[in-house]
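Below is one structure, written out as structure tokens; comments come after it.
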Amino acid sequence: MRLYSGTTKSLIEDSTYNRIATKLKDAFFLEFRHQPAVAEVNSWNNSLRAISQVFQTASLLDHGVLLELQLPLTSKRLDCLVTGYDRKKAPNAVIIELKQWSGCQGASGKNEVATFVGGNIRDVLHPSVQVGQYMTYLTDCHTAFQGQGGISAHACSYLHNYSPIEDDPLFLPQFAEQIGRSPVFTADHVPRLTAFLDERIHGADSGEVSAKVEQSKYRPSKKLLDHVAKLIKGKPEYVLLDEQLVVYDKVVEAAKNGAKGRKKAAIIVRGGPGTGKSVIAMNLLGDLSGMGLNAHYVTGSRAFTSTIREIVGTRGAAQVRYFNSYMGAEANVIDVMIADEAHRIRETSNNRFTPKVKQSKLSQIHELLKASRTSVFFIDDNQIVRPGEIGSTGYIKTEAEKLRCDVCEFELEAQFRCAGSDAFVSWVNNTLGIQRTPHVMWNQADEFDFRIMPTPQALEDAIRKRLEEKSTARLAAGFCWPWSKPRSNGTLVDDVVIGDYVRPWNAKSGSGSLAPGIPKESLWAYDSGGVNQIGCVYTAQGFEFDYVGVIFGPDLVYVPEAADWKGDKTKSFDTVVKRSGDRFTQMVKNTYRVLLTRGMKGCYVHFIDKNTENFFRSRVEHAGKV
């Protein structure tokens, strides 16, 4: 999809006669069925006039131009792509990111600067990093840029209102490599920009190069697949054992058959915390990519997806996506869909921001099954913590059978977490009343280190001690306190207040520029700075640490008189879960089950409610550690 296709000459004319923004606005409405934001229209007017003047100055008057070209299987659009031939008659394309910035500030991230965006100073990618990522994605995932005779891609950014100052953050040494690869040109750099363009697209494009870009399809390159495979293969934490290897072999077999055009397959893999679902999933992503198969790793969690992208690197991130990434995707565009945390699948990928004309008529599960030849769903039926999440073994199986997929089910039982203790997860399930199990009592002689802490400060001290011993550890809590946006200086508000103990939640999604040392919400579990904040279930789910410290809040209490659990909506600040009706208590039980089972070696807990603490203590034998 693109909003404008033409030549540099037509762009210059449309800009000169003040009709380019109108043409883009009309095309936008036809595509999305709503009007673009006023700021975007103003940006088109100003930035496209500026770049058209550059084309005119450089005498690039007969070249292909695509504006607002959508990157395949994403919602991201390239501002401008101009095509032509270099002096050796080879086809070339230059991506130009256009920005109206007038200045920027330094930011704590290695790839970010801070500038005024959306009414506030926010951390954003450095222009060279941003456009460089677009170029890498295009060459990795667009057939026009692959193989012999493929178009060579280049990238730059043009900040036409920007006048650099001395020691400008835009040109800090940390960005030198990215700028060298994808230059950034400011207001006084027009001669450099024209020289950059002339070197790459000196020869005119009569339409064949730009047409090839428009007509080619999405397909990851062999180089990208090899890159993903090399990053994952050989990691000791991804070794498969016992039934994990059985599941792996079944998926690989189904994937090979699917690639040969045989019947679609759906494989459902059930397992509780610590049974190795994500270990199998990562092995599959690496090995299937190494076989040249287009494998996607998909989840419904921003935090989990961001962390997996950190593991596979910025380039490999093209193969790591969200459940809602396949609205409108062609059938069988993916060889293997690896759906981790499949209990987070929602009824639909549409949301309140989805224009009516773009809304999918398919369920989210139908989109996933349709897009892939082979689908594998890793699921824990007791990890649904939000009412909108409807993924379950029965639901996925029913929908797969409707689409005539071969359905195969596996159960993972052995624990590879919680010090290899099946008993701890089983005991948590029993104690919370989620599932009746043989493990009514917890024996403190077990290798897994479970402790009840008298105060939240004692809980934090124990977790920090583990960190000093080079273990991984985090603090988490039930959603029983408000969650504020950061202050104007990027520091976090101490929302979690228990007596004289005060700590902030992890940074809220969509926060502006954060102070140094504070990770974004999506990287709280991965970044070392995350230990200074308290995570909630939405940032902790899917992750594992050596030790987890849990603040068990008053939104779920044990009532001795009724000998039962009771959820208390008045003590919850989770507005979504509070709307779950009579499912609230079950949702909060699942929340604490998730938090209590994040640790591989130990779990330390502080209870706000004394009756709840007493009930847990009554279920512990040999409580010398408690």
Side-chain angles (χ1 to χ4, degrees), residues 382-387 427-435 442 450-463 474-484 492-506 508 524 533-541 547-599 603-620 623 626:
N382 290 320
Q383 276 206 48
I384 295 175
V385 297
R386 303 197 87 176
W427 176 72
V428 168
N429 286 339
N430 196 310
T431 304
L432 290 175
I434 292 173
Q435 183 182 5
W442 175 247
F450 174 74
R451 306 188 191 191
I452 297 174
M453 311 304 289
T455 66
Q457 186 61 60
L459 178 70
E460 180 175 323
D461 291 345
I463 288 298
R474 287 293 183 274
L475 287 165
F479 204 160
C480 302
W481 295 269
W483 194 0
S484 304
L492 303 179
V493 178
D494 288 327
D495 283 319
V496 180
V497 179
I498 307 169
D500 57 0
Y501 178 86
V502 292
R503 291 293 181 273
W505 288 113
N506 56 258
K508 204 167 190 177
W524 168 83
Q533 304 96 43
I534 294 175
C536 69
V537 67
Y538 305 121
T539 43
Q541 190 172 24
Y547 294 88
V548 65
V550 179
I551 298 174
F552 201 119
D555 54 344
L556 179 69
V557 297
Y558 185 78
V559 182
E561 296 79 10
D564 201 2
W565 289 95
K566 179 184 177 182
D568 187 348
K569 292 182 182 180
T570 67
K571 298 298 195 299
S572 173
F573 280 82
D574 191 328
T575 56
V576 175
V577 174
K578 286 170 74 170
R579 295 195 297 266
S580 60
D582 57 8
R583 298 176 63 201
F584 177 81
T585 298
Q586 186 60 49
M587 292 283 174
V588 183
K589 283 184 179 183
N590 288 352
T591 293
Y592 285 109
R593 175 185 184 266
V594 169
L595 296 180
L596 292 167
T597 56
R598 294 306 90 196
C603 171
Y604 305 153
V605 193
H606 170 69
F607 294 92
I608 302 293
D609 178 73
K610 199 63 180 177
N611 285 332
T612 305
E613 177 183 335
N614 289 339
F615 178 64
F616 262 78
R617 286 186 180 278
S618 73
R619 293 294 188 98
V620 176
V626 178

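Each residue takes its place number in the sequence, starting with 1. Treat the numbers as computed from the prediction; the structure is a model and nothing was measured.
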- Item | With sequence neighbours excluded, residues passing salt bridge (charged side-chain N to carboxylate O under 4.0 Å, His left out) with R386 | none
- May I ask you to establish whether R617 and F615 are in a cation-pi arrangement, using a distance under 6.0 Å from NZ or CZ to the six-membered ring centre and at most 45° from the ring axis? no
- Message: Under a 3.5 Å distance rule, please check whether R474 uses its side chain to pair with a backbone N or O of Y547 as donor and acceptor.
- Response: no
- Message: I'd like to check F584 versus V577 (side-chain heavy atoms, cut-off strictly below 4.5 Å). Are they in contact?
- Response: yes
- Query: Are any side-chain N or O atoms of T597 and backbone N or O atoms of V594, one a donor and one an acceptor, separated by less than 3.5 Å?
  - Reply: yes
- Query: How long is the gap from CH2 on W442 to CH2 on W427, to the nearest 0.5 Å?
  - Reply: 7.5 Å
- Message: I want to check something: taking the side chain as every heavy atom from C-beta on, are V620 and F450 in contact at a cut-off of under 4.5 Å?
- Response: yes
- Message: Please give me the minimum heavy-atom distance between I498 and W481, naming the atom from each residue.
- Response: CG1-CZ2, 3.7 Å
- Task: Show your reasoning for whether side-chain contact (heavy atoms from CB on, under 4.5 Å) applies to Y604 and V550.
- Result: CA-CA 6 Å; Y604 305 153; V550 179; over 6 Å; no
- Below 4.5 Å, heavy atoms only, C-beta onward: do S572 and C480 meet side chain to side chain? no
- Query: About how many Å separate CG of L595 and CG of L475, when rounded to the nearest 0.5 Å?
  - Reply: 11.5 Å
- Message: Can you tell me how far apart CH2 (W565) and CD (Q586) are? Round to the nearest 0.5 Å.
- Response: 12.5 Å
- Item | T612 side-chain N/O to Y558 backbone N/O, donor-acceptor pair under 3.5 Å | yes
- Query: How far apart are the C-alpha atoms of L492 and W505, what are their side-chain angles, what is the distance that settles it, and do they pass the side-chain contact (heavy atoms from CB on, under 4.5 Å) test?
  - Reply: CA-CA 8 Å; L492 303 179; W505 288 113; over 6 Å; no
- Message: Which heavy atom of G599 sits nearest to which heavy atom of V548, and what is that distance?
- Response: N-CG1, 3.6 Å
- Query: Can you name the salt bridge (charged side-chain N to carboxylate O under 4.0 Å, His left out) partners of K571, sequence neighbours left out?
  - Reply: D568
- Query: Could you walk me through whether E460 and Y501 pass the side-chain hydrogen bond (donor to acceptor under 3.5 Å, both in side chains) check?
  - Reply: CA-CA 10 Å; E460 180 175 323; Y501 178 86; 2.6 Å; yes
- Query: Looking at side-chain heavy atoms only, is the closest gap between V502 and V496 below 4.5 Å?
  - Reply: no
- Item | Close side-chain approach of L459 to V605, heavy-atom, < 4.5 Å | no
- Query: In Å, rounded to the nearest 0.5 Å, how long is the span from OG1 of T585 to CG of L432?
  - Reply: 12.0 Å
- Message: If you apply the rule side-chain contact (heavy atoms from CB on, under 4.5 Å), what do you find for N382 with Q435, and how did you get there?
- Response: CA-CA 9 Å; N382 290 320; Q435 183 182 5; 4.2 Å; yes
- Item | Residues which pass salt bridge (charged side-chain N to carboxylate O under 4.0 Å, His left out) with R593, listed by chain and number, not counting sequence neighbours | D380
- Query: So, do V559 and D564 sit near enough that their side-chain heavy atoms are less than 4.5 Å apart?
  - Reply: no
- Nearest heavy atoms of P504 and D494, plus distance in Å: CD-OD1, 3.2 Å
- Hey, what do you get for CG (D574) to SG (C536), rounding to the nearest 0.5 Å? 8.0 Å
- Task: Could you pull out the closest heavy-atom pair between N506 and G535, with the gap in Å?
- Result: OD1-CA, 3.2 Å
- Query: Could you state the interatomic distance from CD1 (I384) to OG (S580), rounded to the nearest 0.5 Å?
  - Reply: 12.0 Å
- Within the side chain of K566, is there an N or O that forms a donor-acceptor pair under 3.5 Å with the backbone of L556? no
- Considering all heavy atoms of both residues, which atom of V576 and which atom of P387 are nearest to each other, and what is their separation? O-CG, 3.5 Å
- Query: Counting N and O atoms only, with roles assigned by atom type, does the side chain of D495 sit under 3.5 Å from a partner on the main chain of S484, one being a donor and the other an acceptor?
  - Reply: yes
- Could you label the plane-to-plane angle of the F616 and F607 rings as parallel, tilted or perpendicular, counting under 30° as parallel and over 60° as perpendicular? tilted
- Give the intermediate values and the outcome of side-chain contact (heavy atoms from CB on, under 4.5 Å) for residues H606 and F552. CA-CA 6 Å; H606 170 69; F552 201 119; over 6 Å; no
- Item | Heavy-atom pair with the smallest gap, counting every atom of G581 and K569 | O-NZ, 3.5 Å
- Would you please test Y592 and D555 for side-chain hydrogen bond (donor to acceptor under 3.5 Å, both in side chains) and show each step? CA-CA 10 Å; Y592 285 109; D555 54 344; 2.6 Å; yes
